[in-house]
Amino acid sequence: GHRLCDRSLGAEETDERSITQLLVDQVECANLIVLNKMDLVKERNATHLEGLLRKLNPKAKIIHSSFGRVDVKLLLNTRSFDMAEAEQMPGWYQELQ
């Protein structure tokens with residue numbers, strides 16, 4: 001199945017989202033998106049992917065990396081999370097129930 005609960009991904013039985021919807025939800029809520037393995041992606045494909053991500057979440061910072069190398073300073077203690085902003089996102093309250 002395409003639903004999260006059909007694929008044993010730790011979702012509640014009532015979670016009807018597809019894997020695609022889960023990924024979209026995560027991108028829309030992210031304040032930081034790390035694109036790893038960029039050494040394997042052609043530049044035009046990377047540009048296209050980043051454009052799609054920017055449409056889903058224009059505020060997120062996007063970091064390109066290879067081999068999982070990311071400066072820890074870009075990940076920790078960034079103070080980029082805003083609870084008031086997160087509460088305004090579609091589906092935020094439903095996820096807590």
Side-chain angles (χ1 to χ4, degrees):
H2 296 285
R3 296 179 316 155
L4 296 173
C5 59
D6 294 339
R7 301 197 66 184
S8 300
L9 294 174
E12 301 286 329
E13 288 184 23
T14 57
D15 193 342
E16 293 292 323
R17 290 179 299 174
S18 66
I19 293 171
T20 303
Q21 187 58 51
L22 171 66
L23 294 174
V24 169
D25 289 348
Q26 290 181 348
V27 167
E28 289 176 338
C29 291
N31 51 26
L32 173 68
I33 300 170
V34 177
L35 299 178
N36 192 35
K37 299 193 176 199
M38 294 305 289
D39 57 309
L40 303 177
V41 179
K42 293 180 181 171
E43 187 172 338
R44 73 175 186 275
N45 292 339
T47 300
H48 180 72
L49 174 59
E50 191 165 333
L52 291 172
L53 294 171
R54 290 253 174 253
K55 286 180 182 176
L56 290 169
N57 187 340
K59 293 182 178 181
K61 181 175 185 176
I62 298 177
I63 298 172
H64 291 215
S65 73
S66 296
F67 302 98
R69 292 188 198 122
V70 178
D71 186 344
V72 174
K73 293 175 188 169
L74 298 172
L75 305 174
L76 302 176
N77 297 319
T78 62
R79 306 205 191 304
S80 57
F81 180 75
D82 181 343
M83 180 60 90
E85 188 175 317
E87 289 174 341
Q88 299 302 313
M89 293 183 177
W92 181 84
Y93 185 74
Q94 293 87 332
E95 286 296 317
L96 294 179
Q97 294 181 336

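Numbering starts at 1 and runs along the sequence shown.
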Measuring from atom OG1 of T47 to atom CG of L52, what distance do you get when rounded to the nearest 0.5 angstrom? 11.0 Å
Of all heavy-atom pairs linking V27 and I33, the shortest is CG1-CD1, 3.9 Å
Residue N77 excluded, over 12 heavy atoms near CG under 6.0 Å: no
For the CG atom of N45 and the CG atom of L40, what is their distance to the nearest 0.5 Å? 12.0 Å
Can you see which heavy atom on A30 is nearest to which on A60, and at what distance? O-CB, 3.6 Å
What distance do R44 atom CZ and L49 atom CG have between them, rounded to the nearest 0.5 Å? 13.5 Å
Tell me whether L35 is reachable from V24 by hopping between hydrophobic residues (I, L, V, M, F, W, Y) whose side-chain heavy atoms are closer than 4.5 Å. yes
Rounded to the nearest 0.5 Å, what separation is found between the NZ atom of K61 and the CG atom of L74? 4.5 Å
Considering only heavy atoms from C-beta outward, does the side chain of L32 approach that of T78 to under 4.5 Å? no
Rounded distance [0.5 Å steps], CD in E50 versus CD1 in I62: 4.0 Å
Check M38 against A46 and note the closest heavy-atom contact, atom names and distance. CE-CB, 3.3 Å
Between V34 and S65, the two heavy atoms sitting closest are CG1-OG, 3.7 Å
Can you find a pair of side-chain heavy atoms, one from V41 and one from K37, that are under 4.5 Å apart? no
Looking at every heavy atom in both N36 and F67, which two are closest together, and how far apart are they? OD1-N, 3.5 Å
Within this structure, what is the CD1-CZ distance for the pair I63 and R69, rounded to the nearest 0.5 Å? 15.0 Å
